[in-house]
Amino acid sequence: ELKVEQNPLFLSMQEGKNYTIYCNYSTTSDRLYWYRQDPGKSLESLFVLLSNGAVKQEGRLMASLDTKARLSTLHITAAVHDLSATYFCAVGDYGGSQGNLIFGKGTKLSVKP
Amino acid sequence: GAGVSQSPSNKVTEKGKDVELRCDPISGHTALYWYRQSLGQGLEFLIYFQGNSAPDKSGLPSDRFSAERTGGSVSTLTIQRTQQEDSAVYLCASSLQTLSRNEQYFGPGTRLTVT
């Protein structure tokens, strides 16, 4: 059974600081996604990572994937208040229907001035 | 273009009643998914439709839950004899289901409250 673990679950940062969110998963998969969710809103796709060593960057966020270690990271550079949200990683479940995603519990990020 | 839409946005129902939740996927997307998001359980997969294939119902929590997808487009999730533990946000997503990306686009969700 595929399990996805994120840490930390809660992260309070000061503006301007850097930090990394980690996403570990338990079985082979080559599809990993990062989503952002604002309070009361739906999920917004941030990154799709499809191969070992993939690195994607958008603004102050950078995501990477190491399929051998079954680890993805979401790195935040020089955080700003607008980045406050909950971030989810999700992994494609090949053991199931090959369609659905298994989500981590999310990391609630709060960026303070 | 239009994204995934869901209705209603909020639903309050009494325990024991049946409810229907609707999802309109992005036009042309062949795959449709239902997930449930609750405080204690995070995001859980419920059911998956791909084209004309039989749906993957492996995530449905009980036989009170069922879903249909008519004409390969609109989907309805039905919960019979609702219980308080069914209270959650029900999210629908759709994707093009290419072999590589399978990026899922989520709707705004239906917040279900069972009293």
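No hydrogens, no waters, no symmetry mates; every other heavy atom, side chains included, goes into these values.
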**Asked** To the nearest 0.5 Å, how far apart are CG in B:Leu43 and OG1 in A:Thr86?
**Response** 10.5 Å
**Message:** Would you say the ring centers of A:Tyr35 and B:Phe106 fall short of 6.0 Å from each other?
**Reply:** yes
**Asked** Between B:Tyr35 and A:Leu101, is there a donor-acceptor pair closer than 3.5 Å when you use the side chain of the first and the backbone of the second?
**Response** yes
**Message:** With clusters defined by side-chain heavy atoms of hydrophobic residues (ILVMFWY) lying less than 4.5 Å apart, directly or transitively, does B:Tyr105 cluster with B:Leu32?
**Reply:** no
**Message:** Given heavy-atom pairs under 4.5 angstrom as the criterion, report whether the side chain, backbone, both or neither of A:Gln37 touches chain B.
**Reply:** side chain
**Asked** Is it the case that more than 12 heavy atoms not belonging to B:Gln80 sit under 6.0 Å from its CD atom?
**Response** yes
**Complete:** One should read off an interatomic distance between B:Gln104 CD and A:Arg31 CZ, to the nearest 0.5 angstrom, of 8.0 Å
**Message:** Around atom CZ of A:Arg70, are there more than 12 heavy atoms from other residues, nucleotides or ligands closer than 6.0 Å?
**Reply:** yes
**Message:** Atom CE of residue position A:Met13 - does it have more than 12 heavy atoms of other residues, nucleotides or ligands inside 6.0 Å?
**Reply:** yes
**Message:** If you count heavy atoms of other groups shown closer than 6.0 angstrom to OH of A:Tyr19, is the number above 12?
**Reply:** no
**Message:** When you compare the side chain of A:Phe47 with that of B:Glu103, does any pair of heavy atoms fall below 4.5 Å?
**Reply:** no
**Message:** Rounded at 0.5 Å granularity, tell me how far CG in A:Asn100 sits from CD in B:Glu44.
**Reply:** 12.0 Å
**Message:** For a quick test of reading the model, state the closest non-hydrogen atom pair linking B:Pro108 to A:Ser42 and the distance between them.
**Reply:** CA-CB, 3.7 Å
**Over 12 foreign heavy atoms within 6.0 Å of CD, B:Glu68** = no
